[in-house]
**Q** 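What follows is a structure written as structure tokens; I'll ask about it next.
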Amino acid sequence: QVQLVESGGGSVQAGGSLTLTCVSSHSRDCVAWFRQAPGKEREGIATMYTRGGSPGYANSVKGRFTLSQDGAKNTAYLRMTNLKPDDTAMYYCAASIGSTGCTLRNSAYGYWGQGTQVTVSS
């Protein structure tokens with residue numbers, strides 16, 4: 001059973017930055033970040049194959065968010081810059097094992113963290 005623990009959320013003003021961290025108890029193939037704002041569906045925003053390749057991003061965060069990972073530590077990072085009030089949401093880390101094509105679909109991930117809140121004020 002893979003356990004994921006997120007940290008790094010908080011409250012910032014618009015234009016600020018935050019870095020989220022996701023520590024996994026096991027090695028995983030795909031890692032992704034999702035977010036869910038109140039009253040909205042969960043949105044996949046960034047994903048990457050941990051054994052190589054470039055991350056993929058949703059249009060809503062492309063150019064502002066950067067996903068990276070440290071394989072030796074089974075840890076993924078989401079660096080968020082130029083934050084906007086619309087970025088306010090609960091952010092979740094997700095992982096899958098046995099995959100080579102990493103996507104932003106919720107259904108592709110079997111392991112989820114508990115979430116960390118990000119609040120951006122104007």
Side-chain angles (χ1 to χ4, degrees):
Q1 182 75 4
V2 177
Q3 293 183 330
L4 305 173
V5 179
E6 304 104 329
S7 62
S11 297
V12 296
Q13 291 190 328
S17 301
L18 284 173
T19 298
L20 305 183
T21 300
C22 173
V23 180
S24 174
S25 61
H26 293 74
S27 176
R28 61 274 184 271
D29 296 304
C30 293
V31 61
W33 286 93
F34 289 75
R35 66 184 182 185
Q36 188 168 20
K40 295 187 177 181
E41 294 185 352
R42 187 171 295 187
E43 172 192 21
I45 57 173
T47 184
M48 71 181 300
Y49 182 58
T50 62
R51 308 185 194 285
S54 300
Y57 300 96
N59 289 335
S60 57
V61 305
K62 195 173 295 183
R64 300 187 299 122
F65 291 10
T66 302
L67 173 60
S68 61
Q69 67 102 28
D70 184 334
K73 297 180 179 180
N74 289 333
T75 299
Y77 307 94
L78 185 68
R79 175 66 175 167
M80 306 184 296
T81 63
N82 191 22
L83 284 161
K84 305 174 182 179
D86 284 348
D87 294 318
T88 296
M90 185 70 79
Y91 284 70
Y92 298 90
C93 177
S96 66
I97 296 175
S99 306
T100 55
C102 302
T103 77
L104 294 176
R105 295 195 315 270
N106 285 268
S107 59
Y109 297 89
Y111 304 99
W112 294 83
Q114 80 288 351
T116 185
Q117 178 68 37
V118 172
T119 303
V120 184
S121 57
S122 57

**Q** Are the side chains of Thr66 and Tyr57 in contact, using a 4.5 Å heavy-atom criterion?
**A**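 They are in contact (side-chain heavy atoms under 4.5 Å apart), so the answer is yes.
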**Q** Check for a donor-acceptor pair, side chain of Glu6 on one end and backbone N or O of Gln114 on the other, with a separation under 3.5 Å.
**A**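 Answer holds: yes.
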**Q** Side chains of Cys22 and Arg28: does their closest heavy-atom pair fall under 4.5 Å?
**A**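 Side chain of Cys22 against side chain of Arg28, heavy atoms only: no contact under 4.5 Å found.
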**Q** Could you tell me how the ring of Phe65 sits relative to the ring of Tyr91: parallel (under 30°), tilted (30 to 60°) or perpendicular (over 60°)?
**A**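 Correct class here is tilted.
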**Q** Take atom CZ in Arg105; do more than 12 heavy atoms of anything else shown fall under 6.0 Å from it?
**A**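 No - once you tally the heavy atoms of other residues, nucleotides and ligands closer than 6.0 Å, there are 12 at most.
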**Q** Within the distance-only criterion (no hydrogens, no angle test), does the side chain of Tyr111 pair as donor or acceptor with the backbone N or O of Ile97 below 3.5 angstrom?
**A**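 Absent.
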**Q** Check whether any side-chain heavy atom of Leu4 sits under 4.5 Å from a side-chain heavy atom of Tyr92, and report yes or no.
**A**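 Result no, sub-4.5 Å side-chain heavy-atom pair not found.
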**Q** Taking atom CZ of Arg35 and atom CE of Met90, what is their separation to the nearest 0.5 Å?
**A**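 If we round to the nearest 0.5 Å, Arg35:CZ and Met90:CE are 14.0 Å apart.
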**Q** Roughly how far, to the nearest 0.5 Å, is CE of Met48 from CH2 of Trp33?
**A**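 Taking CH2 in Trp33 and CE in Met48, the distance rounds to 13.0 Å.
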**Q** Kindly indicate whether the side chain of Gln117, heavy atoms from C-beta on, has any atom under 4.5 Å from the side chain of Thr88.
**A**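 Yes, close enough: below the 4.5 Å cut-off.
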**Q** Any heavy-atom pair between the side chains of Trp112 and Cys93 that's under 4.5 Å?
**A**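 No - every pair of side-chain heavy atoms lies 4.5 Å or more apart.
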**Q** Kindly list each side-chain donor-acceptor pair under 3.5 angstrom involving residues 73-85, sequence neighbours excluded, with atom names and distances?
**A**
residue	atom	partner	partner atom	Å
Thr75	OG1	Lys73	O	2.9
Arg79	NH1	Thr19	OG1	3.0
Thr81	OG1	Arg64	O	2.7

**Q** Any idea which heavy atoms bring Ala108 and Ser96 closest together, and the distance?
**A**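 Heavy atoms of Ala108 and Ser96 come nearest at O-CB, 3.5 Å.
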**Q** Show me the donor-acceptor pairs within less than 3.5 Å that the side chains of residues 7-18 make with the rest of the protein, sequence neighbours left out.
**A**
none

**Q** What about Phe34 and Val118, same hydrophobic cluster or not, with Ile/Leu/Val/Met/Phe/Trp/Tyr joined at side-chain heavy-atom distances under 4.5 Å?
**A**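 No; tracing contacts between hydrophobic side chains, which count when under 4.5 Å, never links both residues.
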**Q** When rounded to the nearest 0.5 angstrom, what distance separates CG in Asp70 from OG1 in Thr21?
**A**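 It comes to 11.0 Å.
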**Q** Please confirm whether the backbone N or O of Ser25 pairs with a side-chain atom of Gln3, one donor and one acceptor, at under 3.5 Å?
**A**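 No.
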**Q** Do Leu104 and Tyr109 belong to the same hydrophobic cluster, where Ile, Leu, Val, Met, Phe, Trp and Tyr are linked whenever their side-chain heavy atoms lie under 4.5 Å apart, directly or via other members?
**A**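 No, because Leu104 and Tyr109 fall into different hydrophobic clusters, even though each may have its own neighbours under 4.5 Å.
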